[in-house]
2 protein chains.
Amino acid sequence: MTQDDRSTGSRERILAAAAAMVAEDVTARLSVRAVAARAGVSTGSLRFHFPTQRALQEAVLARIYEHVFPDDPIRDRSLPARDRLVNCLRQVLAPAGVGKQAREAWGKAYEMFIAPEPTEQVRAAYLAMEREGWRRIEYWLTVLADEGALPREDHARRVRFLLTVLNGLSIERALPAEESILRSETETLYTAVDCVLNARTA
Amino acid sequence: MTQDDRSTGSRERILAAAAAMVAEDVTARLSVRAVAARAGVSTGSLRFHFPTQRALQEAVLARIYEHVFPDDPIRDRSLPARDRLVNCLRQVLAPAGVGKQAREAWGKAYEMFIAPEPTEQVRAAYLAMEREGWRRIEYWLTVLADEGALPREDHARRVRFLLTVLNGLSIERALPAEESILRSETETLYTAVDCVLNARTA
DNA sequence: ACCTGAACACCGTTCAAGT
DNA sequence: ACCTGAACACCGTTCAAGT
């Protein structure tokens, strides 16, 4: 509905329309007709720029992760703890890329850390990386624990769990997917985060 | 096409037709019209017995796993639901192997599904695999839901979540690890399962 | 090169009408 | 109670035709 300059490229209008729809509702279906109508173009034009529905969804995902997560969102107390943590985890996930980019990233990871014998050097390089992710997540959890959003003890288990979920989501970005991963990714992140925040001493 | 006795209940004919379709092709879509035609009933009749497509698919799933995995650990009611589900997930994880074996397995997965351009063939092959895992987990959840261990709705989200956790654990078996993964893997599995079973409607 | 919109072949669900 | 089949409101993709 926004009055984009009519001269703006159709491709751009389509992406903007789709991004707006997702912004309004992450579960939005992004059907050809809905997006095309919102962008003010024909379905044929949409198909010209995005040959397949999957191509469109990947482009939208990339667009969103590109310019919607600026700084460390953990301290933005205007949001509930769970939303902040999800946003932080998204930041971790962002560099994983989508589509071809994701596949190439995993290609590098495979050659560096999986294919070669795990010499001490290989191990050290990987563990350094992993430890950085670990520290980052642990930091976020301590911030939230200070606010009382989760228990203070036993962070190790929670961090390990979140890292595993992130690894799963990241590899799934490189694997073929059934449908828009945006929605399922969001749902999975919230499921994992709720799991961590609702921690009951079972 | 099998000449079931015309007197057999429609419900049974529908289930048999759907099961046959899945047996022939695990990726079969089981659309209303296809199943109804195969069973020799109308779409309305199908809807009468299975008010929703999801209901049909669950019934078919139960039918199949009943006589394909007769001694599935999910049925061992001597254990609490969470332990049974963890054991089931372990079964899924087992073929991933450990150490060198896990690394080689991921090497194959990489060459098959990540490195090549995702042609329709590649996608189809992967999705068939994934869908099988999906169905299996979904079946376990419906069994536990029948026992009241978790809500009955919204299984899609939970299945997706568990699959992602399994993917994460599986790739971590191929990556260098800090210490014995056995313990952290068990903890993560229980964390994920508790997350699914303690599902609160947040 | 870019775009249109109709057409095609599908979906799942609803429902008046039959037996 | 069980079943029919048309109708509805959607899908994603294709394609001849326009500019």
Side-chain angles (χ1 to χ4, degrees), chain A residues 3-18 21-22 24-61 99 176-184, chain B residues 4-18 21-22 24-61 117-124 127 131 134-135 138 152-157:
Chain A
Q3 205 74 335
D4 285 54
D5 184 358
R6 216 11 183 43
S7 70
T8 309
S10 288
R11 201 193 134 86
E12 210 43 48
R13 306 239 302 287
I14 292 166
L15 274 179
M21 289 167 73
V22 170
E24 284 163 18
D25 176 9
V26 273
T27 78
R29 293 248 318 127
L30 294 192
S31 80
V32 207
R33 287 166 185 78
V35 175
R38 175 89 174 233
V41 304
S42 65
T43 64
S45 176
L46 193 153
R47 263 298 151 278
F48 175 78
H49 292 287
F50 305 96
T52 201
Q53 207 57 8
R54 187 174 165 67
L56 169 65
Q57 274 152 350
E58 275 188 4
V60 172
L61 191 63
E178 189 115 36
E179 39 158 350
S180 156
I181 57 176
L182 180 58
R183 195 185 109 156
S184 64
Chain B
D4 284 56
D5 183 359
R6 215 9 184 44
S7 71
T8 310
S10 289
R11 200 193 135 86
E12 209 44 47
R13 306 238 304 288
I14 292 165
L15 274 180
M21 290 168 73
V22 171
E24 283 162 20
D25 176 9
V26 274
T27 78
R29 293 249 315 128
L30 295 191
S31 80
V32 206
R33 287 166 185 78
V35 174
R38 175 89 173 235
V41 304
S42 65
T43 64
S45 175
L46 193 154
R47 263 298 150 278
F48 175 78
H49 291 289
F50 305 96
T52 201
Q53 207 56 9
R54 186 170 171 69
L56 169 66
Q57 272 150 352
E58 276 188 3
V60 172
L61 193 65
E117 285 304 314
T119 63
E120 210 34 60
Q121 221 196 2
V122 168
R123 277 175 51 75
L127 291 179
R131 202 143 7 185
W134 183 287
R135 285 205 174 123
E138 190 170 37
R152 183 166 266 96
E153 79 286 359
D154 215 4
H155 279 182
R157 207 188 82 241

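Throughout, protein chains are lettered first and strands after them, A, B, ... in sequence-line order, and every chain is numbered starting at 1. Predicted, not measured: the structure shown is a model, and the values here were computed from it.
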## Note on the structure
Given protein heavy atoms under 4.0 Å, the one-letter contact record of nucleotides 6-19 of chain C, with B base, S sugar-phosphate only and - none, is simply BB---BBBB-----
### Message
Let's go through Met21(B) and Leu30(B) carefully: what are the C-alpha distance in whole Å and the side-chain angles of both, what is the deciding distance for side-chain contact (heavy atoms from CB on, under 4.5 Å) to 0.1 Å, and is it a yes or a no?
### Response
CA-CA 8 Å; Met21(B) 290 168 73; Leu30(B) 295 191; 4.0 Å; yes
### Query
Is a salt bridge present between Glu138(B) and Arg54(B), judged by a nitrogen-to-oxygen distance below 4.0 Å?
yes
### Query
What residues form a salt bridge (Lys or Arg N to Asp or Glu O under 4.0 Å) with Arg131(B), not counting sequence neighbours?
Glu178(A)
### Message
Just N and O in the side chain of Ser42(B): are any of them under 4.0 Å from OP1 or OP2 of dG5(D)?
### Response
no
### Task
Could you run through DNA chain C and flag its stems, i.e. three or more consecutive Watson-Crick or G-U pairs with both distances under 3.5 Å?
C:4-8 with D:12-16, C:12-16 with D:4-8
### Query
Could you state the CZ-P distance from Arg13(A) to dC2(C), rounded to the nearest angstrom?
15 Å
### Query
Could you give the CZ-to-P distance, from Arg11(A) to dA1(C), as a whole number of Å?
17 Å
### Message
Taking salt bridge (Lys or Arg N to Asp or Glu O under 4.0 Å) as the definition, give me every residue that meets it alongside Glu24(A), ordered by chain and number, with sequence neighbours left out.
### Response
Arg38(A)
### Query
Who are the salt bridge (Lys or Arg N to Asp or Glu O under 4.0 Å) partners of Arg152(B), not counting sequence neighbours?
Asp146(B)
### Flag side-chain contact, heavy atom, 4.5 Å: Arg47(B) against Val32(B)
yes
### Nearest atoms (heavy-atom pairs only) where Val35(A) meets Ala17(A)
O-CB, 4.1 Å
### Task
Only counting residues at least two apart or in another chain, list the ones meeting side-chain hydrogen bond (donor to acceptor under 3.5 Å, both in side chains) with Arg11(A).
none
### Query
Does a nitrogen or oxygen in the side chain of His49(A) sit under 4.0 Å from OP1 or OP2 of dA1(C)?
no
